[in-house]
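Position 1 is the first residue of the sequence; numbering continues from there.
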Amino acid sequence: MPGGRLTQQERQQIALGLADGLAYAEIARRLDRPTSTVTREVMRNGGPTAYRAELAHRATERRAHRRKRAAPRESQVPVQPYGRDADAVREFEEVFATAMMESGMPLMMARVLACLTLTDSGSLTAQELARRLQVSPASVSKAVAFLDSQGMVRRERDERRRERYTVDDEIWYRSMMVGIQTTAQVVETARQGVGVLGVGTPAAARLEGVARFLDFVSEAMARAAEQAREVLHTSALSGRQASSASREKAEGSAGPGPERG
């Protein structure tokens, strides 16, 4: 499988594949590239309906030029904790963001969430996010507003009164509950439409079917989310207690230090 940057010819093949209605996976297979590479390329350059090979190629060259000019100001790559490979972490962050984009999340929102999720503290300021992602603070602010509305980030103030954006173990639970509430509104609206269209008519029956399906699925998802939250919270708590007990036992077995005469 070839590595390195996409060539202009490969970008033209991507554009042709999109025009033919091919899936990202099929385009990637024809190029012998990872699907994530093609998805990321398309989403960075206008999306599937606006992608243009020549424009994408020039935009990539401009980004590379900007990074090269910025290199002297950031001569050292931040050292990753726990001995991690900085390049591997950066690549995985893009892959993770791409996976969320493929699930329907907008590009910048996916990049911000991936960056926060892969930070050990789970918390960054707008300035830190803008610097890490090499985007404007306005782009970060817009992305955070969307993520906040979906229950996926929390806004906090640190000791310097700076606004920080934080993710925690509850983000996916909260996001799922927001989605369930939105689905409930669709169910209620569909059932209002049944009365408007007339009970027993084909269109009303179709709307009633939509409402019953979404109602059933959302109730099942809510139960599953609550159960998963309870089970995982209990497991995490037990793990922390066991770890604490092990540390105390190790400290106790070490015994007091030798007395000095």
Visitor: Hey, could you give me the CZ/CD distance between Arg162 and Gln127, rounded to the nearest 0.5 Å?
Guide: 7.5 Å
Visitor: Between Ser121 and Ser123 (side chain of the first, backbone of the second, donor and acceptor by atom type, cut-off under 3.5 Å), is there such a pair?
Guide: yes
Visitor: Would you give the length of the straight line joining atom CD of Glu163 to atom OG of Ser141, rounded to the nearest 0.5 angstrom?
Guide: 8.0 Å
Visitor: My understanding is that only residues two or more places apart in sequence, or in another chain, count here; which of them pass salt bridge (charged side-chain N to carboxylate O under 4.0 Å, His left out) with Arg164?
Guide: Glu128, Asp158
Visitor: So, for Ser218 and Thr183, which heavy atoms are closest and what is the spacing to 0.1 Å?
Guide: CB-CG2, 4.1 Å
Visitor: Which distance, rounded to the nearest 0.5 Å, do you find between the CZ of Arg40 and the OH of Tyr24?
Guide: 12.5 Å
Visitor: Indicate yes or no: at least one non-hydrogen side-chain atom of Leu6 is less than 4.5 angstrom from one of His57.
Guide: no
Visitor: Locate the shortest heavy-atom distance separating Ser136 from Ala130; write the atom from each residue and the value.
Guide: C-CB, 4.3 Å
Visitor: Would you be so kind as to tabulate the donor-acceptor pairs closer than 3.5 Å made by side chains of residues 220-232, with sequence neighbours excluded?
Guide:
from: Glu226; atom 1: OE1; to: Tyr173; atom 2: OH; distance (Å): 3.4
from: Glu226; atom 1: OE2; to: Tyr173; atom 2: OH; distance (Å): 2.6
from: Arg229; atom 1: NE; to: Glu170; atom 2: OE1; distance (Å): 2.9
from: Arg229; atom 1: NE; to: Glu170; atom 2: OE2; distance (Å): 3.4
from: Arg229; atom 1: NH1; to: Tyr173; atom 2: OH; distance (Å): 3.4
from: Arg229; atom 1: NH2; to: Glu170; atom 2: OE1; distance (Å): 2.7

Visitor: Restricting to pairs with a member in residues 103-116, which pass salt bridge (Lys or Arg N to Asp or Glu O under 4.0 Å), not counting sequence neighbours?
Guide: none
Visitor: Cluster question for you: counting only ILVMFWY and a side-chain heavy-atom cut-off of under 4.5 Å, with indirect links fine, are Val217 and Met177 together?
Guide: yes
Visitor: Filter on salt bridge (Lys or Arg N to Asp or Glu O under 4.0 Å), then keep only pairs touching residues 191-207, sequence neighbours left out; what's left?
Guide: Arg191-Glu208, Arg191-Asp215
Visitor: What closest approach, in Å, do Asp87 and Asp85 show between heavy atoms, and which atom pair accounts for it?
Guide: N-OD1, 2.9 Å
Visitor: Any chance you could measure Glu10, atom CD, to Ile27, atom CD1, to the nearest 0.5 Å?
Guide: 12.0 Å
Visitor: Quick one, Arg160 and Thr125 - any side-chain contact, counting heavy atoms below 4.5 Å?
Guide: no
Visitor: What are the two closest heavy atoms between Thr201 and Gly198, and how far apart are they?
Guide: OG1-O, 2.8 Å
Visitor: Quick one: CD1 on Ile14 to CZ on Arg30, what's the gap to the nearest 0.5 Å?
Guide: 12.5 Å
Visitor: Would you check if there is a donor-acceptor pair between the side chains of Gln12 and Glu54 at a distance under 3.5 Å?
Guide: no
Visitor: Looking at Gln9, I'd like to know if its CD atom is crowded, meaning that more than 12 non-hydrogen atoms belonging to other residues, nucleotides or ligands lie closer than 6.0 Å.
Guide: no
Visitor: Name all residues meeting the salt bridge (charged side-chain N to carboxylate O under 4.0 Å, His left out) criterion together with Glu188; count only those two or more places apart in sequence or in a different chain, and write none if there are none.
Guide: none
Visitor: Where do Val95 and Ser36 come nearest, in terms of heavy atoms and distance?
Guide: CG2-OG, 4.2 Å
Visitor: Starting from Leu124 and following side-chain heavy-atom contacts under 4.5 Å between hydrophobic residues (I, L, V, M, F, W, Y), which residues can be reached?
Guide: Phe92, Phe96, Met100, Met105, Met108, Met109, Val112, Leu113, Leu116, Leu118, Leu129, Leu133, Val135, Val140, Val144, Phe146, Leu147, Met152, Val153, Tyr165, Val167, Ile171, Trp172
Visitor: Are Met101 and Thr98 packed together at the side-chain level, in the sense that at least one heavy-atom pair is separated by less than 4.5 angstrom?
Guide: yes
Visitor: Look up atom CZ in Arg90 and atom SG in Cys115, then write down how far apart they are to the nearest 0.5 Å.
Guide: 11.0 Å
Visitor: If you take all heavy atoms of Asp120 and Pro81, which pair is closest and at what distance?
Guide: OD2-CG, 3.3 Å
Visitor: If hydrophobic clusters are built from ILVMFWY residues whose side chains come within less than 4.5 Å, do Phe213 and Val210 share one?
Guide: yes
Visitor: Transitively linked via ILVMFWY side-chain contacts under 4.5 Å: Val199 with Leu197?
Guide: yes
